[in-house]
2 protein chains.
Amino acid sequence: MVSSIDVAKLAGVSQATVSRVLNDPDKVNKPTLDKVNAAIRQLNYRPNAAARSLISRKSGVIAIVSGPLDNPDNAEFTNETIKRIQERGFIAEIHLQDSSNPESVLLSVQNTQAEGIILGSIVIDEIAIAKLKKTGIPLMFFDMEPAANEHTVSLDNRLAGAAAAEYISSLNHSNVGWLGGEPSESHLQLRYQGFQECAKANNMNILRAMAAIDDLDAPLSAMLARKERPTAIIAATDMIAYRAMDFLVDYGYRIPDDISLLGIGNAPLSAMSYMNLSSIGISGDRDIYSDGVDRLVKAIEEGSANKSVEMKYAPVLFERNSTRKI
Amino acid sequence: MVSSIDVAKLAGVSQATVSRVLNDPDKVNKPTLDKVNAAIRQLNYRPNAAARSLISRKSGVIAIVSGPLDNPDNAEFTNETIKRIQERGFIAEIHLQDSSNPESVLLSVQNTQAEGIILGSIVIDEIAIAKLKKTGIPLMFFDMEPAANEHTVSLDNRLAGAAAAEYISSLNHSNVGWLGGEPSESHLQLRYQGFQECAKANNMNILRAMAAIDDLDAPLSAMLARKERPTAIIAATDMIAYRAMDFLVDYGYRIPDDISLLGIGNAPLSAMSYMNLSSIGISGDRDIYSDGVDRLVKAIEEGSANKSVEMKYAPVLFERNSTRKI
DNA sequence: CTGTTAGCGCTTTCAC
DNA sequence: GTGAAAGCGCTAACAG
């Protein structure tokens, strides 16, 4: 490995001058600067990041913890977050959660050299999260409801559930199904709570099917096997709605003619013509990702003394062709 | 920040012993070990990664360079690659390419502390790639055809193009459209070359539309405006095929009744019922991601002296419902 | 403007 | 089995 000492020797200057050329070129005489730069190029020198961050106590890294990227929701979250991280001059380090072993990533990320950690809509293990907090690294939660007093950015999930109920009710559906949301997915539980309260107030009849996204067929079958089928299904996430759509089409249903389908989250795919999924989401002119990353960067720069901020965004209806009035 | 010295003081041992507890617990007496571990927990101590890698000259990081994750192809590539990287005990660092400024990521990744770099199907800037090579960091290209002598993993793109032509010809289509592939996307160019050669040999008539994926409407319109419309369209990637499907449905075509659609790459989404896209891809029992990451890890461990390896995978037809015989 | 020097937190000989 | 001491490559005073 070529070090700044090698460069210094070749350029005939001290090692400190090489360092200056890198960090404060203005403080170096033009001829010296040129000599050093020439040596740097000639030796193909790249400063050692480890040595730098050993001194600066900064890694320049922000870690992201996300679920698998084959879920478009996660892919979007990760994509947008990385972009913001790069824009702000940090490097993004990713830790993917394995659904078969959800807590392991929470454990391994504790050893990260990252200056901040962004957690996407993942399965939470409270104990692991508690340990993570103890590291003192600023945390930022997206679309999650961790134990209080943490930085949070999300759709107002309870309101979103209520908005779903309100909308479906306005379409005259009274016999409705709720699909998805495992106990560990706290944000989906909140969506359901909001939905359920508002649906009750509107005298709607709810069939609820809690289920993992990969295990939707049985609960859907059970729902549709009833004599009184739901005329509308609300999916806890758009991704769940896609799966449901797949299932419903296979079973001969037309959407929305036979059954209305409403998602929550308004994932990008939902707007495509072949999906055309009505959904409850955050208004398109809010940039929750910038808001979240900005807040995290601020927390990093200010040190840990600052108190946490919860940012909740009001739900908006995106009406498309998967729902209809009856 | 709490250092190993703090731990040593609290435990009443030397700093070196703390280090041993971390790296070679067997070489430490049980009572001492317990004392130190207690101190570690009490102080919430986490070893400084920068100091460690300064000595070991290892960062334990592998960088991934990919296009935006809103493209499912990229999301799949990134997802699978990260998984393999994690499984092998490395940390994944991601650099996303911005389509409006494709070379900037190639420049910024040169400053990475990563021990290896994996490049997904991105837009290549030859000069930037050349500079990247000069860093001496082992490189691994997925689905790309960089200037020779680099580690490479990919579908045999030329053969895949030929297989597409062969298949479409077997379905009796003779008037066909080819969609997508910009000059900078070398792997797509190869697909087209293979297709074109084989199509010619089968006396097929080709309408070719080179276009960026976000700019498909005009070339598709032009293609379909002709008196002799193609009866089949081959998309350079599955993602392009999805967009085309979207467009075709909008314009009143039924697939495959009015027009057959064939993708290349066999992206996971293609197998979903609502897509059901026939595609040419790599056999499902090959794990190209493990192959690629394993090779890269080997290159990292062996040092740079090893010569590069090209892994090309034979194309396989995945016949679904978007294509039909005429 | 440039060189000398002292560490950053850790691993790793080398003594004891 | 444990401690003392020497750096890893770099930045940041401090002199000159």
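Here is the naming used below: chain letters follow the sequence lines, and residue numbers restart at 1 for every chain.
- Heavy atoms of A:Val28 sit under 4.0 angstrom from primed sugar atoms or phosphate atoms, though from no base atom.
- Regarding A:Asn23, its CG atom lies at a distance of 15 Å from the P atom of C:dT2, rounded to whole Å.
- A side-chain donor from one of B:Asp287 and B:Ser290 sits under 3.5 Å from a side-chain acceptor of the other.
- For the contact set between residues 52-63 of chain B and DNA chain D, defined by any heavy atom under 4.0 Å, the members are B:Leu54, B:Ile55, B:Arg57.
- The nucleotide range of DNA chain D contacted by chain B, defined by atoms under 4.0 angstrom from heavy atoms of the protein and reported 5' to 3', is D:dG1 to D:dG9.
- Heavy-atom distances under 4.0 Å link DNA chain D to no residue of residues 30-38 of chain A.
- Summarising the geometry, the separation between CG on A:Asn48 and C1' on C:dC8 is reported as 13 Å, rounded to the nearest angstrom.
- Residues from residues 1-16 of chain B lying near DNA chain D, meaning a heavy-atom separation below 4.0 Å, are B:Val13, B:Ser14, B:Ala16 in numerical order.
- Between B:Glu301 and B:Lys298, none of the side-chain N atoms (NZ, or NE/NH1/NH2) sits under 4.0 Å from a carboxylate O, so this pair counts as no salt bridge.
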Pair up each side-chain donor or acceptor in residues 86-93 of chain B with any protein partner under 3.5 Å, not counting sequence neighbours, and list the distances.
from    : atom 1 : to       : atom 2 : distance (Å)
B:Gln86 : OE1    : A:Leu96  : N      : 2.6
B:Gln86 : NE2    : A:Leu96  : O      : 3.2
B:Arg88 : NE     : B:Asp294 : OD1    : 2.5
B:Arg88 : NH1    : B:Arg84  : O      : 2.9
B:Arg88 : NH2    : B:Asp294 : OD1    : 2.9
B:Arg88 : NH2    : B:Asp294 : OD2    : 3.4
B:Glu93 : OE2    : B:His95  : NE2    : 2.6
B:Glu93 : OE2    : B:Thr112 : OG1    : 2.6

Check your understanding: side-chain contact (heavy atoms from CB on, under 4.5 Å) between B:Val65 and B:Ile118: does it pass, once the steps are laid out?
Key -> CA-CA 6 Å; B:Val65 185; B:Ile118 295 176; over 6 Å; no
Which atom pairs, one a donor and one an acceptor, fall under 3.5 Å between side chains of residues 2-13 of chain A and the rest of the protein, sequence neighbours left out?
from   : atom 1 : to      : atom 2 : distance (Å)
A:Ser3 : OG     : A:Ile5  : N      : 3.2
A:Ser4 : OG     : A:Gln15 : NE2    : 3.0
A:Asp6 : OD2    : A:Ser3  : N      : 2.8

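- Distance from the side chain of B:Arg20 is smallest to C:dC14 among C:dC14, C:dT11, C:dG9.
- Between B:Asp26 and A:Ala49, the residue anchored nearer the 5' end of DNA chain D, judged by the nucleotide with its closest heavy atom, is B:Asp26.
- Contact between B:Pro268 and B:Glu76 at its shortest, heavy atoms only, is CD-OE1, 3.5 Å.
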Review point. Between A:Met140 and A:Leu119, is a side-chain contact (heavy atoms from CB on, under 4.5 Å) present by the stated rule, with each step listed?
Key: CA-CA 6 Å; A:Met140 177 92 234; A:Leu119 299 104; over 6 Å; no
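- A salt bridge links B:Asp34 with B:Lys30: the closest approach of a Lys/Arg side-chain nitrogen to an acidic carboxylate oxygen falls below 4.0 angstrom.
- Scanning all heavy atoms of the two residues, the minimum distance from B:Gly67 to B:Ile122 falls at N-CG2, 3.5 Å.
- Within 6.0 Å of CG in B:Leu107 there are more than 12 heavy atoms belonging to other residues, nucleotides or ligands.
- Within 6.0 Å of CZ in A:Arg286 there are 12 or fewer heavy atoms belonging to other residues, nucleotides or ligands.
- In this pair, B:Phe142 and B:Tyr289 present their aromatic rings parallel. The plane angle is below 30°, not in the 30 to 60° band.
- With no hydrogens or angles considered, no side-chain donor-acceptor pair links B:Ser53 and B:Ser59 at under 3.5 Å.
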